Amino acid sequence: MTADQLLPLLWQAFLETAWMVMVALAVGGVCGLAIGMGLYLTRPGNLLANRPVFAVLNLAVNIVRPIPFIIFLVALGPVTRAVVGKTIGIEAFAFAMCVMSSFVFARLVEQNLVSIDPGVVEAARAMGASPLRIVRTVLIPEALSPLILGTTFLFVGVLDMSAIGGYLGAGGLGDFAIQYGYRQFDWGVTAVVVAIIIVIVQLVQWLGNTLARRALRR
Amino acid sequence: MPTATGETIISFREAAKVFDGRKGAEVRAVDGVTLDVRAGEIFGVIGYSGAGKSTLVRLVNALERTTSGAVVVDGTDLTGLSEARLRPVRAGIGMIFQQFNLLSSRTVAGNVAYPLEVAGWSAARRRERVRELLDFVGIADKADVYPAKLSGGQKQRVGIARALATNPKILLADEATSALDPETTHDVLALLQRVNRELGITVVVITHEMDVVRSICHRVAVMEHGKVVELGDAYQVFSAPTQEVTRRFVSTALKDRPSVAVIERLRTRHAGRIVTVGVDDVTGSSAHVTHVLREHGVDGTIVYGGITEVAERPYGSLTVELVGPDDAVRAALAGLRSVTDVVDHGTARDPLGAPDEGNDR
């Protein structure tokens with residue numbers, strides 16, 4: 001195929017990937033923050049220590065996270081159908097990405113929160129702050145720098161997941177590279193897609209590093 | 001001088017805190033403590049690490065809850081209060097920490113404003129109050145700096161400003177100077193003293209350093225294994241410790257008494273009779289000592305010792321070589337005993353005293 005024919009398709013694939021990644025990053029970011037915060041707060045000895053809740057969250061994260069995404073995609077089928085109404089297409093695929101990224105990010109969030117000095121939390125308690133206020137004004141701001149880096153890491157992970165969008169007919173850059181590059185023996189097309197992905201990752205990583213450094217306050 | 005009014009502001013009644021240790025073993029961190037802290041005083045709690053003093057102080061603002069007994073703070077019994085009901089109580093008690101525990105994500109001004117935000121002050125009033133507090137602790141020029149850029153002493157000043165923000169009646173200081181060098185420690189202790197005198201705030205100081213107690217505390221409780229083993233006026237506890245642990249603490253702060261080895265060396269170096277006389281404002285001052293020696297025509301050469309202040313009163317001892325005719329020295333010794341504590345170490349030829357006498361005070 002000629003470049004004139006391929007370019008609009010490439011643009012289309014880029015938009016699909018951008019949409020999937022943004023949705024998964026946003027939903028995964030919010031839900032992951034909530035689950036990760038839950039893990040941290042309910043951990044024995046912490047602010048809202050609750051062994052059963054902690055055990056359930058911890059188990060859920062441990063079960064979901066190690067499953068290869070391509071298998072998770074299929075396994076989640078019934079849930080996807082119940083929520084999205086179908087098991088193929090970009091919406092169904094994005095839904096699976098959202099669920100997986102939530103659990104992946106949850107662990108990242110928890111690990112970042114654990115590194116906060118418990119003394120700071122104790123000081124806030126001593127000043128009469130409620131748990132919700134401590135989450136909002138102590139935990140998130142104190143862990144902001146690593147949380148930004150975690151989000152950057154999540155972005156790359158989500159971009160990686162999006163590469164197999166073709167399996168559910170979700171399209172995207174990965175699908176484009178396989179269809180028009182790999183299967184047509186057109187290494188040039190594959191190389192262009194790979195280059196685009198590398199540039200995107202570089203830009204996002206740079207942005208993440210810059211913001212994280214600024215949030216560090218040192 | 002003590003500003004204590006004698007009224008009780010914190011009252012522990014058989015207070016105990018038992019933690020579930022590993023393998024079902026119980027840890028009795030605080031074990032049946034009964035004591036009163038009076039309004040307006042600087043009260044010291046001293047003990048080695050693991051003695052339970054940090055847990056004890058956390059019972060005051062209910063960061064730890066008693067497992068039995070009661071803690072009454074400013075008329076409110078904290079026993080059984082819900083978390084939500086405890087929050088306003090905590091807001092009325094300032095606390096400072098060994099590691100300062102400042103929010104690294106906020107500037108100095110932001111840290112000091114934190115408790116004011118919790119208490120719902122308007123932005124304008126907060127700004128005003130923060131400026132006032134930073135002036136009081138002497139770091140007004142650091143308002144817009146992040147904690148990472150501050151020295152330890154400056155961080156603790158921020159901690160103190162933050163703890164005082166909401167005009168608490170009580171300030172809890174948990175090893176507040178333990179991470180600071182001696183000079184900075186002195187400055188921070190002086191600031192705590194100002195907090196007590198100028199603002200009339202009751203200060204509870206947790207420490208393992210007898211020097212801290214010596215320089216600012218009016219009264220002191222000595223803790224060991226979760227229990228208060230000695231309690232009283234700081235000067236009394238220093239001058240007449242009854243417990244072994246207290247004696248050990250006192251000897252770390254006052255190095256005026258010669259050890260056995262030092263006495264040995266003094267006796268070989270000096271031919272006269274070596275005696276140690278106590279100097280304090282209960283038994284005798286050094287003027288008394290001079291007076292007695294002159295009366296009996298005995299020369300007294302100071303060979304060891306030191307006089308310092310405990311709770312702002314003189315305290316210490318002098319070890320003196322007495323030289324003169326035997327009769328005169330004997331008479332002088334009797335005269336000294338009538339005005340102060342005397343320990344007679346004898347002479348090189350005729351040594352006196354038990355082998356461990358030097359450490360026994």
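A quick note: this is a predicted structure, and the numbers were derived from the prediction, not measured. All heavy atoms count here, side chains included; hydrogens, waters and symmetry mates do not. Throughout, a chain's letter reflects where its sequence line sits, starting with A, and its residues are numbered from 1.
- Ranked by heavy-atom pairs under 4.5 Å with chain A, the list B:A148, B:P88, B:G94, B:S105 is led by B:S105.
- In this structure, chain A has a heavy atom under 4.5 Å from the backbone of B:I93, while its side chain stays farther away.
- Using a 4.5 Å cut-off between heavy atoms, B:L102 touches chain A through its backbone atoms (N, CA, C, O) alone.
- Of the atoms belonging to B:A165, not a single heavy atom falls under 4.5 Å from chain A.
- The contact between B:P115 and chain A is made by backbone and side chain atoms together, counting heavy-atom distances below 4.5 Å.
- Closest approach of A:P131 and B:R87 over heavy atoms only: CD-NH2, 3.6 Å.
- We find the CD-CZ distance between B:E117 and A:R133 to be 7.0 Å, quoted to the nearest 0.5 Å.
- Within a 6.0 Å radius of OH in A:Y167, other residues, nucleotides and ligands contribute 12 heavy atoms or fewer.
- With hydrogens and angles ignored, the 3.5 Å screen pairs no side-chain donor or acceptor of B:N61 with any backbone N or O of A:A126.
- Ranked by heavy-atom pairs shorter than 4.5 Å toward chain B, the options A:D117, A:I116, A:V138 are led by A:V138.
- Residues B:R106 and A:P141 are not in side-chain contact: their nearest non-hydrogen atoms beyond the backbone lie 4.5 Å or more apart.
- Counting only heavy atoms from C-beta outward, the side chains of A:R125 and B:E83 approach each other to under 4.5 Å.
- Around CZ of A:R81, the count of heavy atoms belonging to other residues, nucleotides or ligands within 6.0 Å does not exceed 12.
- Among B:I96, B:T107, B:L63, the residue making the largest number of heavy-atom pairs under 4.5 Å with chain A is B:L63.
- Heavy-atom pairs under 4.5 Å with chain A peak, among B:Q98, B:Q99, B:R162, at B:R162.
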